[in-house]
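Sequential numbering from 1 along the given sequence is applied to the chain's residues.
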Amino acid sequence: MVKTQVIAISGASGCGKTSLIKIVSDKLSCPYLLFDDYTDAHTYPDDMNAWLKAGVNLNEIKTPAFIGALETITLSSNAPYVFIEEPFGRCRAEISKYIDYVILLDVPLEVCLSRVITRNINTPHIDSLNAISKYLCAYDNHLHAIYSNVVEQVRQTCDLTVTGVLPLSKSADLVESWLVKVRISQS
């Protein structure tokens, strides 16, 4: 029996992690977990500017519910893979021990920003314009620098980097063929 491997899809907000995970998981009939489904008010540091100035220590991001769900799904799965949306790759000690491979979606931050804005426009809520305005202020103030820092940290320990803006189907095919090569090389 082959061990279920945990594949982390990482990258900045808007790089396409969720979309890629959903399509690859569907193609390979594997379960997945999405990071944002397990975040709460205590996940991120309270003062993001101070956190940035202190060096963006990714170990300060806490997701106990995400880790619990990952433990449960890996114990109960017979699938070859479990895909997780883990923006920070192996850079958080509390989750790194569960991850077999990290795939970094290295998309230009300007494209990521455009996608986040488009996502907010396409899923309007009562305060969407205000939410976009607040996000852009935070992006200018600290998020751009944080995203850039995080992508660089993840790049240091990732196993595959998907660079640039590719059609979703091409990214999925690239990931799938890479996983097949890795699986064969382990046999």
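- Within a 6.0 Å sphere centred on CG of D40, heavy atoms belonging to other residues, nucleotides or ligands number more than 12.
- By the neighbour-count criterion of 12 heavy atoms within 6.0 Å, atom NZ of K27 is densely surrounded, having more than that number from other residues, nucleotides or ligands.
- When all heavy atoms of L136 and L113 are compared, the pair lying nearest together is CD2-CD1, 3.7 Å.
- Under the side-chain contact (heavy atoms from CB on, under 4.5 Å) test applied with T161, the options V102, D106, I103 reduce to a single match, D106.
- Between the OG atom in S29 and the CG atom in N78 there is a gap of 13.0 Å [rounded to 0.5 Å].
- Annotation for L109 and A12: closest pair CD2-CB, 3.7 Å, computed over non-hydrogen atoms.
- Summarising the geometry of K97 relative to E94, their closest heavy-atom pair is CE-O, 4.3 Å, with the distance given to 0.1 Å.
- Side-chain atoms of R155 do not come within 3.5 Å of backbone N or O of L104 as any donor-acceptor pair.
- To the nearest 0.5 Å, atom CZ of residue R115 and atom OG of residue S13 are 11.0 Å apart.
- Between L52 atom CG and S148 atom OG the span is 10.0 Å, to the nearest 0.5 Å.
- A donor-acceptor pair shorter than 3.5 Å cannot be found between the side chains of S10 and R90.
- When hydrophobic clusters are built by joining Ile, Leu, Val, Met, Phe, Trp and Tyr residues whose side-chain heavy atoms come closer than 4.5 Å, directly or via intermediates, I132 is not grouped with M48.
- Residues V116 and I146 do not share a hydrophobic cluster, defined by chaining ILVMFWY side chains whose heavy atoms lie under 4.5 Å apart.
- Applying side-chain contact (heavy atoms from CB on, under 4.5 Å) to T4 and the options P31, S77, S76 leaves one that passes, S77.
- Looking at L33 and I21, their side chains never come closer than 4.5 Å, going by heavy atoms from C-beta outward.
- Separating the CD1 atom in I95 from the NZ atom in K62 is a distance of 11.5 Å, to the nearest 0.5 Å.
- V180 and V82 fall into different hydrophobic clusters, defined by Ile, Leu, Val, Met, Phe, Trp and Tyr side-chain heavy atoms under 4.5 Å apart, directly or through other members.
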Between Y81 and V6, does a side-chain contact (heavy atoms from CB on, under 4.5 Å) hold up when you go through it step by step? CA-CA 6 Å; Y81 308 107; V6 176; over 6 Å; no

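- Proximity of a side-chain donor or acceptor of S177 to a complementary backbone N or O of L174 within less than 3.5 Å is detected.
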Determine, stepwise, if the pair V150 / F88 fulfils side-chain contact (heavy atoms from CB on, under 4.5 Å). CA-CA 7 Å; V150 168; F88 315 105; 3.6 Å; yes

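- The structure places OH of Y147 at 8.0 Å from NE2 of H142, a figure rounded to the nearest 0.5 Å.
- Side-chain heavy atoms closer than 4.5 Å link hydrophobic residues (I, L, V, M, F, W, Y) into clusters, and following such links, possibly through other members, connects L105 to V182.
- Relative orientation of the F66 and Y38 rings is tilted, given thresholds of 30° and 60° on the angle between their planes.
- For E85 (side chain) and F35 (main-chain N/O), a donor-acceptor pair under 3.5 Å exists by modelled atom type.
- Heavy-atom minimum distance, K22 versus L34: CE-CD1, 4.0 Å.
- Taking CG of L179 as the reference point, atom SG of C30 lies at 9.0 Å (rounded to 0.5 Å).
- Hydrophobic cluster membership differs between Y32 and I67, with clusters built from Ile, Leu, Val, Met, Phe, Trp and Tyr side chains linked at under 4.5 angstrom.
- Considering every non-hydrogen atom in both V107 and G164, the closest pair reads CG2-O, 3.6 Å.
- E60 and Y44 form no side-chain donor-acceptor contact under 3.5 Å, judged by distance and modelled atom types alone.
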